[in-house]
Amino acid sequence: MKKFSKLHQQIFSITTALALLTILIISVCIASLLYTQGIDNAESVLRNKNRSVNALIEGYVAPLRKAVEYTGSSASGVDHSRFQEPETQTKIQSLYKILQNTIPNIHYIFSGYEDGSLLINNYTPPSDYNAVERPWYQAAIKSNPMISDGVPYQDINSKKWLVSFGKTLINPEGKVVGVISIDAGMDAIVEALAVEDEKYPTIYNFVMNTEGKILIHPNETLPDTLHREIISHIPNEMNASGSLSYQDGDQKKLAHYNRIDKLGWIVVTEVNLTDIREPIVKTITTTLLTIVLGSLLTTWLMSYILSRHLIVPLKKLQHRVQEITEGKDSQGKYVFPNNEIGKISEAIEKLTEKALFQKNIELKDKNLLLSSISHTDQLTAIANRRKMMEVLQKEVSNYQKTRQPFCVLMFDIDHFKRVNDTYGHEVGDQVLVKLAKVVKATIRNTDTIGRWGGEEFVIVCPHTYQQVALSMASNIFSAIHKHTFPMDIDVTVSLGLSEFNDHHSLESILVEIDKKMYLAKQNGRNRIQP
């Protein structure tokens, strides 16, 4: 099996890494988009189902409520305040019969009066029956003058779901004389609530009142129970609708609700969130797998083609450059493509030994310059920290061999941050440059000053005892005090110094002078701490 070159491997690795990064970004975006769209689609399904059930209920109930309004009004031609007269009772029952024949959904239509009597077709109430005490009567009295909320219930005999609407009957003097009530079958609504969805098997509808009590539910055991988990999320605004999610036992639910305040109902359509997430996850997985495989195959193919067009001529160029540097004459042996690689090869072939020699000289000069730059602080033009470490290591080595004394001084500018904050960093840089020049002009030629970092400086004094170093430090302080700095800034420094001895190491003397410098600061600044 042919071994891939390093360049081939690098091209393959880079293109694969870029492809994977791109795939990762695209995958995250697509997954987020698909998940959002999936949730939005599910919410749209819930919303549409909820609206259709809501519209069915409102359309179903509208003629019933109108019948209640009409029967209890003077437009019906019946004066309910004269309910005790046989002629009036005959008119009322005739009207009830007409309404039952006209609106097939009406199961019962009846009226109760203030004396407890009940007027209804094809039914004789018990002797102890008192209409005033019945729930439908009390609900209408409570809702006066509006129609009472629709109260669903199951008929004792038929077990069918019915809904009751009632309204007070008012005489010309404005006094309540009774209640008209219509009970209608709810079979169509119950069937609509129980319709299943192929895409989301756990989706279902139910109706509850504004206090959270379930009125109609596909599960026959749940009516008359409270749904505390969902009612706490539904706002009290009139006719509000919207989506919400909540925890119901071990299931996370997504639901859409719609308040029908004229009925006192809340229609809820809900589904298990896992029912929504499973198809979304499958869609995301399939989509991302297709994208990943397609992208990787395309990337690997491009990597192979690119490598074939670049690596072969580059290998030829590598051999040609090697021969030129070795002085071999192989002109005409290599044929390069008519592109940038070929032009580079032609340019290299024109190099002569003299040109190569000149390039080597230039390279040496540049190396010397780079060496100088690497040891010089670019701002102050004095030694940098790397150079100072080399000087210190050299002095430590000399001491260990000859026991020749040397001293190290460390100082920094007092309140230098205040200078930068007040005058700006440009003025601060000018102060650093001036200070370096002043100190360098004050110390001996054999001494080395360097910028340690920021506003800190270090001076290494070979063949120097501590007393001499103290004298040098005093001269430095005097020179600094006498010098006029930019913006007439009063520049002072805090300085610590130590003489290297047998107990010292390079690290310990640096720690020692650093502590002395900060001790000078703690003792009031602008002072020398031996």
Side-chain angles (χ1 to χ4, degrees), residues 12-56 191-208 212 214 216-222 225 227-235 240-259 266-303:
F12 181 82
S13 300
I14 291 171
T15 53
T16 302
L18 290 175
L20 290 175
L21 179 61
T22 304
I23 290 170
L24 177 62
I25 295 173
I26 294 175
S27 298
V28 171
C29 295
I30 290 177
S32 176
L33 180 62
L34 290 177
Y35 185 82
T36 302
Q37 286 182 341
I39 295 297
D40 289 343
N41 290 340
E43 289 184 346
S44 178
V45 171
L46 288 176
R47 183 166 52 251
N48 291 335
K49 283 186 173 294
N50 187 266
R51 286 177 177 173
S52 64
V53 172
N54 189 71
L56 174 65
E191 290 175 5
L193 292 176
V195 170
E196 295 183 353
D197 186 84
E198 293 183 2
K199 187 174 182 180
Y200 304 114
T202 60
I203 197 170
Y204 64 93
N205 310 276
F206 61 91
V207 177
M208 61 184 185
I214 295 178
I216 306 175
H217 198 287
N219 185 344
E220 296 181 357
T221 65
L222 293 180
T225 62
H227 202 310
R228 302 183 188 277
E229 294 81 5
I230 194 170
I231 193 62
S232 61
H233 292 80
I234 297 180
S241 64
S243 297
L244 54 87
S245 60
Y246 62 93
Q247 191 73 31
D248 187 8
D250 58 349
Q251 283 288 347
K252 185 78 172 179
K253 300 278 189 178
L254 184 66
H256 190 86
Y257 66 90
N258 207 317
R259 292 176 63 108
I266 301 175
V267 181
V268 180
T269 305
E270 69 176 15
V271 66
N272 293 347
L273 200 55
T274 54
D275 212 14
I276 299 173
R277 285 175 175 166
E278 285 180 1
I280 295 175
V281 170
K282 288 181 181 178
T283 302
I284 291 174
T285 303
T286 304
T287 303
L288 294 187
L289 187 60
T290 303
I291 291 173
V292 170
L293 292 178
S295 299
L296 286 178
L297 289 175
T298 303
T299 300
W300 292 335
L301 180 61
M302 291 177 61
S303 172

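Just so you know, residue 1 is the first one in the sequence shown, and it goes up from there.
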Asn50 side chain to Val267 backbone, donor-acceptor under 3.5 Å: yes
N/O donor-acceptor pair under 3.5 Å between Thr286 side chain and Thr283 backbone: no
Which atom of Ile203 lies closest to which atom of Val271, heavy atoms considered: N-CG2, 3.9 Å
Considering all heavy atoms, the nearest Ser245-Leu254 contact: CB-CD1, 4.2 Å
Would you compute the distance between atom [atom1] of [X] and atom [atom2] of [Y] and round it to the nearest 0.5 angstrom?
X: Leu21; Y: Ile26; atom1: CG; atom2: CD1; answer: 9.5 Å
X: Tyr257; Y: Thr269; atom1: OH; atom2: OG1; answer: 13.0 Å
X: Asn54; Y: Ile266; atom1: CG; atom2: CD1; answer: 11.5 Å
X: Asn258; Y: Asn205; atom1: CG; atom2: CG; answer: 11.5 Å
X: Arg47; Y: Ser241; atom1: CZ; atom2: OG; answer: 9.0 Å
X: Asn41; Y: Thr36; atom1: CG; atom2: OG1; answer: 10.5 Å

All side chain to side chain contact (heavy atoms under 4.5 Å, CB included) counterparts of Thr285, not counting sequence neighbours: Val281
Counterpart residues, side-chain hydrogen bond (donor to acceptor under 3.5 Å, both in side chains), relative to Ser243 (two or more places apart): His256
Any side-chain donor near an acceptor of the partner, Asn272 and Lys253, under 3.5 Å: yes
